Protein chains: 4
Amino acid sequence: MAVSIQSEKAPPEEKNGKTRERRNRNDSVIDEAIAVMSEKGYAATSIQEIADRVGVLKGSLYHYFSSKEELLFRIIEKSHQDTSRISAEVGALDLPPLEHLLEHIRRTSEWFLRNRERAHIYFTEVRNLSGERHAEAIQWGRMFETDVSALVTAGQENGTIRDDLDQRLVTRYIIGTMNNLRSWPSRPGSKKQFGNDQIVDAAVTLIADSIRAGSD
Amino acid sequence: MAVSIQSEKAPPEEKNGKTRERRNRNDSVIDEAIAVMSEKGYAATSIQEIADRVGVLKGSLYHYFSSKEELLFRIIEKSHQDTSRISAEVGALDLPPLEHLLEHIRRTSEWFLRNRERAHIYFTEVRNLSGERHAEAIQWGRMFETDVSALVTAGQENGTIRDDLDQRLVTRYIIGTMNNLRSWPSRPGSKKQFGNDQIVDAAVTLIADSIRAGSD
Amino acid sequence: MAVSIQSEKAPPEEKNGKTRERRNRNDSVIDEAIAVMSEKGYAATSIQEIADRVGVLKGSLYHYFSSKEELLFRIIEKSHQDTSRISAEVGALDLPPLEHLLEHIRRTSEWFLRNRERAHIYFTEVRNLSGERHAEAIQWGRMFETDVSALVTAGQENGTIRDDLDQRLVTRYIIGTMNNLRSWPSRPGSKKQFGNDQIVDAAVTLIADSIRAGSD
Amino acid sequence: MAVSIQSEKAPPEEKNGKTRERRNRNDSVIDEAIAVMSEKGYAATSIQEIADRVGVLKGSLYHYFSSKEELLFRIIEKSHQDTSRISAEVGALDLPPLEHLLEHIRRTSEWFLRNRERAHIYFTEVRNLSGERHAEAIQWGRMFETDVSALVTAGQENGTIRDDLDQRLVTRYIIGTMNNLRSWPSRPGSKKQFGNDQIVDAAVTLIADSIRAGSD
DNA sequence: GATGAATGAGTTTTCATTCAT
DNA sequence: CATGAATGAAAACTCATTCAT
């Protein structure tokens with residue numbers, strides 16, 4: 001079942017020179033911010049660089065966000081919304097715990113791979129938020145963890161997931177593995193690399209084989 | 001079998017003499033740099049902040065390193081040296097591939113957990129190096145990967161490691177899991193958290209159960 | 001004797017038609033500008049803030065004035081016109097110097113109190129004008145001073161105002177006292193504060209008692 | 001009795017070119033800040049302009065203060081300290097209320113005239129402070145007012161100050177007059193202007209004649 | 001070794017103003 | 001009239017680095 005959420009880059013329209021462009025650059029700003037920030041990290045990314053890539057003066061960017069931190073927040077917020085929605089969609093399937101967990105991993109992993117850059121920011125840059133925004137993002141992370149945690153516990157209780165390992169360690173193992181998918185070999189254009197489907201399949205297989213009851 | 005490599009923060013010995021003091025100060029600079037950088041990230045860490053924690057004016061830090069980047073390099077270099085040594089020590093045991101790999105994972109993971117902050121920097125801040133230093137650190141990372149990769153391949157060849165999954169994916173899975181150990185639940189002082197040994201045991205168990213031949 | 005000049009904020013009439021609306025908006029811009037500028041000062045007031053209060057986007061404000069400085073100039077100009085008119089009206093009464101001066105103080109003070117915010121700007125923000133506008137406003141201030149100064153001199157010459165103090169010092173004393181009336185205690189709604197009439201009476205009494213010939 | 005407090009500008013040492021100057025520019029920074037801010041107002045004063053006058057790059061100024069607002073605070077704080085000290089010195093003379101008040105006015109006025117620029121900032125720029133600093137400065141202003149207010153009340157009670165006018169209005173009148181002394185005609189170099197002593201004498205005479213009991 | 005004033009180039013952010021729609 | 005994207009210049013502030021003392 002295909003997941004419908006999409007966050008790909010807006011199509012790069014040609015600038016036709018004549019009139020000063022008035023289109024909405026909101027998506028473009030976010031996209032370029034994601035690209036630079038995921039490559040260099042939030043702190044090492046300058047507003048100047050984003051502006052250069054968008055093709056406006058740096059002051060102009062402040063029409064699209066009120067501060068660099070708010071820009072980061074919006075990127076993270078969108079990731080949270082997407083993954084939350086996936087979580088809800090999987091929940092609606094009403095599967096038994098282990099199948100539920102594996103489907104959750106599968107779809108979330110697909111999203112992470114399709115949105116590698118955004119996901120990277122989601123996982124690594126929360127510490128650059130402050131105050132209210134930081135608290136909220138931390139809360140989101142906890143929700144994400146709780147979703148997995150609850151499924152692991154349920155699987156242990158109905159005997160489908162091994163219970164010789166503490167639920168919290170298993171949860172962290174699963175989330176950590178998903179976090180790292182972005183670094184699994186997949187440079188497109190390289191000779192023999194892997195498609196997102198192959199990576200997801202491998203990850204789900206490995207996780208399933210390690211947590212299934214009776215593994216030990 | 002205990003691993004002898006130690007990189008913990010220098011014990012806060014009382015200043016009992018010039019020599020000791022000087023020695024401590026040098027270590028202290030590195031230690032505080034590691035502490036701040038692992039918390040805030042390299043780019044968001046200011047020399048001022050390190051100086052404040054060391055208890056010295058920021059100009060004075062330049063007696064201990066020649067640039068912020070060189071400081072980062074030294075931190076990463078030391079991590080490389082430690083993990084390389086571990087790799088060599090395990091190699092000297094002359095174990096069969098799977099056992100060799102698991103022992104490698106075990107000891108390296110122990111080091112990562114004992115040196116959480118330094119390891120975090122090692123894994124995330126290489127992109128802040130430039131030129132020669134960047135190239136060298138990239139090379140070290142490749143060496144680290146190659147060590148694991150070779151063992152996986154050997155294990156697949158002698159039939160002890162599953163070969164239905166590409167060697168590169170399995171390698172990335174293993175390394176990724178090790179990378180993430182620092183975030184496994186372990187706040188010391190908290191009531192029911194986990195010691196480093198428990199975490200390592202769990203990680204090795206999970207990895208072993210997922211990559212062993214015959215899992216599928 | 002009631003003074004007829006009125007510069008109070010336009011009453012918040014309901015928008016009952018195009019014409020009325022347009023008229024209101026124009027006044028509203030001035031009124032809000034006066035409110036913000038008197039509170040924060042001209043330099044610390046942003047066009048954005050005025051626009052927010054008017055309920056219009058900042059670009060739209062430029063339909064009502066051509067520059068921030070021109071807006072300030074108009075505010076000051078109106079103050080000058082009002083006080084000039086008062087000065088002329090009092091002159092038309094044809095009173096002897098001391099009585100003339102006191103009536104001038106009385107009516108001008110009433111205007112200052114009724115237009116506290118505008119008067120504040122009139123007295124403190126002239127330095128933010130430049131070029132021609134600055135010169136003109138300075139000239140207005142000089143005219144204001146000259147009006148008082150001439151009356152003081154005349155009073156000294158006919159023996160009704162003390163002449164042991166230089167006319168210029170007395171003039172500055174009078175003007176300075178009027179300038180400060182806006183800070184005399186008068187928060188409306190507070191229990192025992194003072195009405196504008198009481199403040200004016202007190203000020204005129206104090207000034208009269210201090211400058212009358214025979215005081216020493 | 002002469003007041004000993006002095007805040008004049010530091011002597012302008014010649015820069016003798018040879019070595020980069022390492023002297024303490026703290027006073028110089030404050031002095032130039034006072035000069036520019038009193039002329040243009042806090043908000044219209046740029047750090048750049050102060051730096052230009054001090055002769056350093058603008059970034060270097062941040063060795064002397066941590067923010068523009070803190071710089072303003074320090075200027076205002078010093079004014080408060082000076083005027084507080086004067087108030088205490090006069091209090092120690094143990095004079096009857098009216099004499100006490102007039103001596104207070106005399107000495108404080110002298111300070112205002114000798115420190116025209118600083119006093120101007122003290123009276124007009126408090127609104128540019130924020131948070132804790134703003135609260136503290138407001139408190140200082142209230143203390144200043146309370147000092148005068150208490151003397152007026154005491155004078156009314158022992159019958160030496162007129163009591164037909166409310167104590168609060170008289171207090172504001174006095175403070176307002178002192179505030180305005182800086183604009184009394186005194187440009188040095190101009191032909192027939194006035195020395196500080198003459199201005200203070202005139203002000204004390206005018207105030208005394210207006211508030212003394214029996215004036216009416 | 002340590003200091004701390006100074007640099008110089010950078011950062012994020014603000015803001016009056018313009019103008020095509 | 002009103003919009004709102006964009007400008008361009010300047011603002012406050014940061015920071016790695018240098019260096020005379």
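Side-chain atoms are counted along with the backbone in the values below, which use heavy atoms only and exclude waters and symmetry mates. Computed from a prediction, not measured in an experiment: that's the story for all the values here. Order of the sequence lines fixes the chain letters, A, B, ..., with proteins taken first and strands second; residue numbering starts at 1 for each chain.
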Taking I30(D)'s backbone N and O only, do any of them form a donor-acceptor pair with Y64(D)'s side chain (distance below 3.5 Å, no angle check)?
no
Closest-nucleotide mapping onto DNA chain E: is S66(C) or S60(A) further toward the 5' terminus? I mean the 5' end.
S60(A)
Treating R118(A) as the side-chain partner and I75(A) as the backbone partner, does any N or O pair qualify as donor plus acceptor under 3.5 Å?
yes
Please report, rounded to the nearest Å, how far the C1' atom of dC19(E) is from the CG atom of L57(C).
14 Å
Without decimals, in angstroms, what is the distance between D52(D) CG and dA6(E) C1'?
15 Å
Integer-rounded Å distance: dT14(E) P and L61(A) CG:
13 Å
What integer distance in Å separates N24(B):CG from dG1(E):P?
13 Å
So does H120(B) get a backbone contact from the side chain of T124(B), meaning a donor-acceptor N/O pair under 3.5 Å?
yes
Nearest-neighbour nucleotide for the Y64(B) side chain, dG1(E), dT7(E), dT3(E) considered
dG1(E)
Quick one: does any side-chain atom of E117(D) pair with a main-chain N or O of S38(D) as donor and acceptor, under 3.5 Å?
no
Quick one: the dot-bracket string of DNA chain F, using Watson-Crick and G-U wobble pairs with both distances under 3.5 Å, [ ] for crossing pairs and | for bases paired to another strand.
.||||||||||||||||||||
Roughly, in whole Å, what's the span from CD in E49(A) to C1' in dG10(E)?
13 Å
How many angstroms lie between atom OG of S66(B) and atom CZ of F73(B), to the nearest 0.5 angstrom?
11.0 Å
Nucleotide N/O to protein N/O under 3.5 Å, stretch nucleotides 10-12 of chain F:
from: dA12(F); atom 1: OP1; to: T45(D); atom 2: O; distance (Å): 3.2
from: dA12(F); atom 1: OP1; to: K68(D); atom 2: NZ; distance (Å): 3.1
from: dA12(F); atom 1: OP2; to: I47(D); atom 2: N; distance (Å): 3.0

Would you say the ring centroid of W140(C) lies under 6.0 angstrom from that of F123(C)?
no
Atom CD of E70(C) to atom P of dT17(E): distance rounded to whole Å?
10 Å
How do G59(D) and V56(C) order along DNA chain F: which one's closest nucleotide is nearer the 5' end?
V56(C)
Please report the distance, rounded to the nearest Å, between NE2 in H63(A) and C1' in dT7(F).
9 Å
Looking at K40(C) and E49(C), does any basic side-chain N land under 4.0 Å from a carboxylate oxygen?
yes
Rounding to 0.5 Å, atoms CD (E69(A)) and NE2 (H134(A)) come to a distance of 9.5 Å
F65(A) CZ to dG4(F) P, in whole Å, measures 19 Å
Cation-pi, Y62(D) ring and K68(D) (6.0 angstrom, 45 degrees)
no
